[in-house]
Number of protein chains: 2
Amino acid sequence: MMEHAQEALFRPVRAGNAFEETVERLMQSIRLGVVAPGERLPSERELATRLGVSRVTVREAIRSLQENHYVESRRGRYGGTFVNEVLPKSAPGKEFGDLHDVLTLRKVLETGAAETAAGRSLGPAERRGLRARLEEASTSSLVEYRRKDSRLHLAVAEATGSAALTAAVAESRMRANELLDHIPLLEPNLAHSNAQHERIITSILDGDPATARQAMAEHLDGTASLLRGFLV
Amino acid sequence: MMEHAQEALFRPVRAGNAFEETVERLMQSIRLGVVAPGERLPSERELATRLGVSRVTVREAIRSLQENHYVESRRGRYGGTFVNEVLPKSAPGKEFGDLHDVLTLRKVLETGAAETAAGRSLGPAERRGLRARLEEASTSSLVEYRRKDSRLHLAVAEATGSAALTAAVAESRMRANELLDHIPLLEPNLAHSNAQHERIITSILDGDPATARQAMAEHLDGTASLLRGFLV
DNA sequence: CGCCAATGGCTCGCAGACATACCTTTGGAG
DNA sequence: CTCCAAAGGTATGTCTGCGAGCCATTGGCG
């Protein structure tokens, strides 16, 4: 009865408890640079509503982030929970999961996103957003690079106009970043990466799906082989 | 702070409660044909373990499927919960969600899966599996077609060797099927579909990624335009 | 200067989900 | 014919998470 498909369908319904999943989401929004250092998270009440979780759970999650020095909270009107300027290094990774699994899904999602985005007629705001992210990434320092890189790739996913695809890319990127945090980031790689970014964004803005896909594929293959090399 | 990516990251952490999600999973395994009519579901204890949910919750979910005449349970050794030969028609759909969203993600995932599968060296078992699913679908009756079609597409996803990708395809297909259940399935479409399936599987078995991707893209575009037409 | 809206901080009772244990039924193996 | 392993059926106590309400703090607005 299709033994292998069962592994997918009968996988755990819950990745963890509500608390753990909430921590994970907030962590993602910070690590992927969606909420930048110095910026404020949505209020506890708003997060509770949007995440579909009680405010108590949100608070416990935020407390956990505070203890790990990711955020600080201030009371009073115009207070809130703010992302720290200096972020802790990620905890020494657990397991390298299934490398093939992560890289396969990432490539499928992101090359597909690039192609789809290039095939759409983008509004002025979207075009500006893409250019801004490209600029951000190319002028970024080494320490900020991973975050700015993720913001750029997320912007590409957003440009497809599919929320589900954006969510899938965010999830996939988070898993890939866990691996990438364990290999060194060198200046030459960064320069190369920037050149590839330029080509990806240009072909999307020019409405050239085939080139966008190919450029993204090459870009991803680059880091994929770096990973395969370092993690043996 | 990247307003749109927030929609993805701050989406609800839970699609529903444990009971609802469990029903959803079991339903998927039946509707996608992963467990065929007459076949037995894994035991309650095994499902509880694999789904990461208590046995009580599994039983409540199964009870719900019984009441809707999807399955019947028999006690005693060699008993279990069996999928009924005649399945109820799907409940009249709720909302058409975001059509663009569903179709975009489906196309990205499935064309990517086809390309990836074609780029791998498949084992004899996998090759046989793909041929078997193709045969199944092509000789299927109208009433069984959707299920057999899903089995074939899931087999393609499995052939990528990525569990995460297979899970994503299953999820996406389920959402697409909810829409497809509301449009008629006609003989000519079916014949056309079978021809496309043939081409997809052949190019995967031949190790031709570009053709596999293109064939899958055409196949999906066919049903996509059907959908867009019928649902206005 | 005082008000007050919006934010984080806190508590308590209820419902859902869980773990665990035990009971009942069934049909093949010995 | 008997035994018993494996499956579904049932019951109970615990704990997590939720909802709802209230308190404490802060800084801009009138």
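Predicted model, so just to flag it, every value in this text is computed and none were measured. Lettering of chains follows the sequences in order, A, B, ..., and the numbering in each one begins at 1.
- Scanning both residues, B:Leu130 and B:Val156, for their nearest heavy atoms gives CD2-N, 4.0 Å.
- The distance between atom OH of B:Tyr78 and atom P of D:dG8, rounded to the nearest whole Å, is 14 Å.
- Per the geometry, CZ belonging to A:Phe82 stands 11 Å off C1' belonging to C:dG8, to the nearest Å.
- Residue contacts for B:Arg74: at a heavy-atom cut-off of 4.0 Å it reaches the sugar-phosphate backbone alone, with no base atom in range.
- One finds a side-chain N or O of A:Thr81 lying less than 4.0 angstrom from the OP1 or OP2 phosphate oxygen of C:dG8.
- In this structure, the nucleotide among C:dC18, C:dG27, C:dG8 sitting nearest to the side chain of A:Arg45 is C:dG8.
- A salt bridge links A:Glu21 with B:Arg14: the closest approach of a Lys/Arg side-chain nitrogen to an acidic carboxylate oxygen falls below 4.0 angstrom.
- Atom CD in B:Glu44 sits about 10 Å away from atom P in D:dT10, given to the nearest Å.
- In this structure, A:Arg75 and A:Val56 both approach DNA chain D, and ranking their closest nucleotides by distance from the 5' end singles out A:Val56.
- Between the C1' atom of D:dA6 and the CG atom of B:Leu47 lies a distance of 15 Å, rounded to the nearest Å.
- If you check distances only, the side chain of A:Arg55 does reach the base of C:dG9 with a donor-acceptor pair under 3.5 Å.
- How far OG of B:Ser162 is from CZ of B:Arg120: 9.0 Å, rounded to the nearest 0.5 Å.
- Residues B:Asn177 and B:Ser150 have side chains that bring a donor and an acceptor to within less than 3.5 angstrom of each other.
- At whole-Å resolution of the value, CD in A:Glu20 and P in D:dG17 are 8 Å apart.
- Taking the nucleotide of DNA chain C with the nearest heavy atom to each of A:Arg63 and A:Gly76, the more 5' of the two is matched to A:Gly76.
- Remark on DNA chain D: of its neighbouring residues A:Arg77 and A:Ala18, the 5'-side contact belongs to A:Ala18, judged by nearest-heavy-atom nucleotide.
- For A:Arg59 and D:dG19, the CZ to P distance is 16 Å, given to the nearest whole Å.
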